[in-house]
Amino acid sequence: MTTILPVAQRGEAILNLIATPVADAEFSSDWLQALSNAMQATMLDRNGVGIAAPQVYISKRVIIVASRANPRYPDAPEMDAITMVNPEIIQKSTQVVLGEEGCLSVPNERGQVERAEQITVEYFTLTGAKIRQEFSGFPARIVQHEVDHLDGILFVERV
Ligand code: K2U
Ligand code: ZN
């Protein structure tokens with residue numbers, strides 16, 4: 001059964017917290033899988049290209065990144081949704097790029113945000129496998145936007 005969760009809106013304290021890392025005991029758990037499924041269903045229901053657990057009132061370091069072509073980024077790559085647990089951006093290009101962003105927690109607002117063009121992210125899968133992956137362009141933007149959520153930062157604070 002698909003669970004659509006309520007999405008926290010700007011001004012709600014949960015969005016300003018530093019989210020807690022997922023504990024080792026939670027990897028490969030039904031709980032973590034259910035959280036990922038609910039986050040993905042909620043993101044898709046809102047036509048998002050990403051979502052962070054704090055946005056659905058869970059202050060844990062879990063994000064989903066799911067780039068797809070959209071009106072603002074017509075040439076964005078289509079990618080299978082990636083669930084990242086305890087993501088860390090370990091490298092950022094000096095080259096930055098300005099781009100339009102929105103946020104499921106800040107409806108009816110758009111803004112130009114400067115992000116690193118290319119990043120390297122280390123994260124864990126739901127079963128605890130450690131992954132190191134490079135992203136550039138729109139997917140890199142989404143990762144940076146979602147990791148900001150884990151650190152209590154909304155894109156409007158970067159406009
Ligand atoms: O975290 C969120 O609130 C989801 C945002 C993610 C996002 C990241 C980078 C740039 C824009 C948005 C939602 O996807 S907002 C809806 C959206 C979708 C495509 C392009 C712009 C905005
Ligand atoms: Zn957002």
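As the structure lists them, so they are numbered: ligands from 1, and atoms in each ligand from 1.
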Exercise. Any non-hydrogen atom of Gly50 lying under 4.0 Å from ligand 1?
Worked result: yes
Seminar exercise, completed: For Leu104, the atoms of ligand 1 under 4.0 Å from one of its heavy atoms are 2 (C), 3 (O), 4 (C)
For this session: Check each atom of ligand 1 against the heavy atoms of Gly48 and keep those under 4.0 Å away; list them by number with element.
Result: 14 (O)
Tabulate below the donor-acceptor pairs under 3.5 Å that side-chain atoms of residues 83-90 make, not counting sequence neighbours, or state none.
unit_1 : atom_1 : unit_2 : atom_2 : d
Thr83  : OG1    : Ser36  : OG     : 2.8
Asn86  : OD1    : Val22  : N      : 2.8
Asn86  : ND2    : Val22  : O      : 3.1

Exercise. Thr120 and Gln91: side-chain donor and acceptor closer than 3.5 Å?
Worked result: yes
Problem set entry | The one among Val7, Val49, Val106 that brings a heavy atom closest to atom 14 (O) of ligand 1 | Val49
Exercise. Does the side chain of Gln144 pick up a donor-acceptor pair with the side chain of Asp148 at under 3.5 Å?
Worked result: no
Exercise. Is a salt bridge present between Glu101 and Arg72, judged by a nitrogen-to-oxygen distance below 4.0 Å?
Worked result: no
Problem set entry | Distance-only polar pair, side chains of Ser105 and Gln9, donor-acceptor under 3.5 Å | no
For this session: Ignoring angles and geometry beyond distance, decide whether His145 reaches within less than 3.5 Å of ligand 1 through its nitrogen or oxygen atoms.
Result: yes
Exercise. Under 4.0 Å between a Lys/Arg side-chain N and an Asp/Glu carboxylate O for Glu114 and Arg158?
Worked result: no
For this session: Kindly report the SG-the Zn ion (ligand 2)-NE2 angle for Cys103 and His149 respectively, rounded to 10°.
Result: 100°
Exercise. Could an N or O of ligand 1 be found under 3.5 Å from any N or O of Glu146, whether backbone or side chain?
Worked result: yes
For this session: Pick, from Arg46, Arg110, His149, Met43, the option with the minimum heavy-atom distance to atom 22 (C) of ligand 1.
Result: Arg110
Exercise. Restricting to N, O or S atoms of His145, which is nearest to the Zn ion (ligand 2)?
Worked result: NE2
Exercise. Hey, which atoms in ligand 1 end up nearer than 4.0 Å to a heavy atom of Gln55?
Worked result: 1 (O), 2 (C), 3 (O)
Exercise. What is the nearest protein non-hydrogen atom to atom 10 (C) of ligand 1, stated with its residue, atom name and distance?
Worked result: Glu101 CG, 3.6 Å
Exercise. Should the pair Arg68-Glu78 be classified as a salt bridge under the 4.0 Å nitrogen-to-oxygen rule?
Worked result: no
Exercise. Does the side chain of Phe135 come within less than 4.5 Å of Ile82's, by heavy atoms?
Worked result: yes
Problem set entry | From Gly102, Ala66, Pro71 - option closest to atom 5 (C) of ligand 1 by heavy atom | Gly102
Seminar exercise, completed: When distances are taken from atom 21 (C) of ligand 1, the protein heavy atom at minimum range is Arg72 NH1, 3.6 Å
For this session: Tell me, with the steps shown, if Lys60 and Glu26 meet salt bridge (charged side-chain N to carboxylate O under 4.0 Å, His left out).
Result: CA-CA 11 Å; Lys60 283 183 184 278; Glu26 296 179 86; 2.9 Å; yes
Seminar exercise, completed: Taking only non-hydrogen atoms of Asn70 and a 4.0 Å limit, the atoms of ligand 1 in range are 19 (C), 20 (C)
